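Quick notes on the structure that follows.
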Amino acid sequence: DGGITQSPKYLFRKEGQNVTLSCEQNLNHDAMYWYRQDPGQGLRLIYYSQIVNDFQKGDIAEGYSVSREKKESFPLTVTSAQKNPTAFYLCASSGRTAHNNQPQHFGDGTRLSIL
Amino acid sequence: KQEVTQIPAALSVPEGENLVLNCSFTDSAIYNLQWFRQDPGKGLTSLLLIQSSQREQTSGRLNASLDKSSGRSTLYIAASQPGDSATYLCAAMEYVNKLVFGAGTILRVKS
């Protein structure tokens, strides 16, 4: 089945540690996104990538880093500079069209907590 | 800066009732308006996408409308069922593929 796979489902970070969240898609989508969701809040955009080897900061990029070396993969690293990393992280992808009429498809998320 | 607000924050209705969820946005210069469903601990599922040039979209028991001039969208759910219980999020697309989300409406349909 085509879709987006996020792993792990649950992740724990120690003080001063960097952790990497995986996102893989087999939908042949050009664009990929990372969002953060806090309780009772909507999703906030961390980073997005419209094409391989290119990505842009979203609204809350500080303390995070990404890479886009392959079309199907868009890993997110939560660095030690992110002081409040506890949240639900969602990865999404969409086809890139001139008319912006492609909905975003989401993975099932990774819940990150601090030890 | 675009802001998206959803009212009510939570809603509880008996099974079979028709209901309306509201979404408002501050900047009318949007490419489209999207509605999503989120089940507890899960990702988002796309329900409806309304292009800025459209007034409404329908899928089964769901109907979404868009009024750009007033900055409003509504999601109408007909004949609600317990399986409709979830959080419903709306999102406005500001520019190429950048979505701004509301905080969501938590819906509970009682059997």
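In this text, all values refer to a predicted model and were calculated from it rather than measured experimentally. Worth knowing before you read on, the calculation uses all heavy atoms, side chains too, and leaves out hydrogens, waters and symmetry mates. Chain letters run A, B, ... following the sequence lines, proteins first and then strands; every chain starts at 1.
For A/L90, the part lying under 4.5 angstrom from a heavy atom of chain B is the side chain only. For A/D59, the part lying under 4.5 angstrom from a heavy atom of chain B is the side chain only.
The local environment of NZ in A/K71 is crowded, with over 12 non-hydrogen atoms from other residues, nucleotides or ligands closer than 6.0 Å. Applying the 6.0 Å contact sphere to CZ of B/R72 captures no more than 12 heavy atoms from other residues, nucleotides or ligands. Residue B/R61 places its CZ atom among more than 12 non-hydrogen atoms of other residues, nucleotides or ligands, all under 6.0 Å distant. Heavy atoms of other residues, nucleotides or ligands lying less than 6.0 angstrom from CD1 of A/I60 number more than 12. Counted within 6.0 Å of NZ on B/K1, heavy atoms from surrounding residues, nucleotides or ligands total 12 or fewer; the atom is thus considered open.
Closest heavy-atom contact between A/P103 and B/Q34: CA-OE1, 3.7 Å. Between A/Q104 and B/S46, the shortest heavy-atom contact is O-CB, 4.3 Å.
When side chains are defined from C-beta on, A/F88 counts as touching B/Q38, because their heavy atoms get closer than 4.5 Å. Counting heavy atoms from C-beta on, the side chains of A/L45 and B/L99 never come closer than 4.5 Å.
Rounding to the nearest 0.5 angstrom, the gap separating the NZ atom in B/K98 from the CD atom in A/Q56 is 12.0 Å. In this structure, CZ in B/F101 is found 13.0 Å from CZ in A/R44, a value given to the nearest 0.5 Å. For the atom pair CE of B/M93 and OG of A/S94, the computed distance is 6.5 Å after rounding to the nearest 0.5 Å. Atom NE2 of A/H105 sits about 12.0 Å away from atom CG of B/L44, to the nearest 0.5 Å.
Hydrophobic cluster membership differs between A/Y47 and A/Y33, with clusters built from Ile, Leu, Val, Met, Phe, Trp and Tyr side chains linked at under 4.5 angstrom. Residue A/Y64 is grouped with residue A/F55 when hydrophobic side chains (ILVMFWY) are merged at heavy-atom distances under 4.5 angstrom, including chains of intermediate members.
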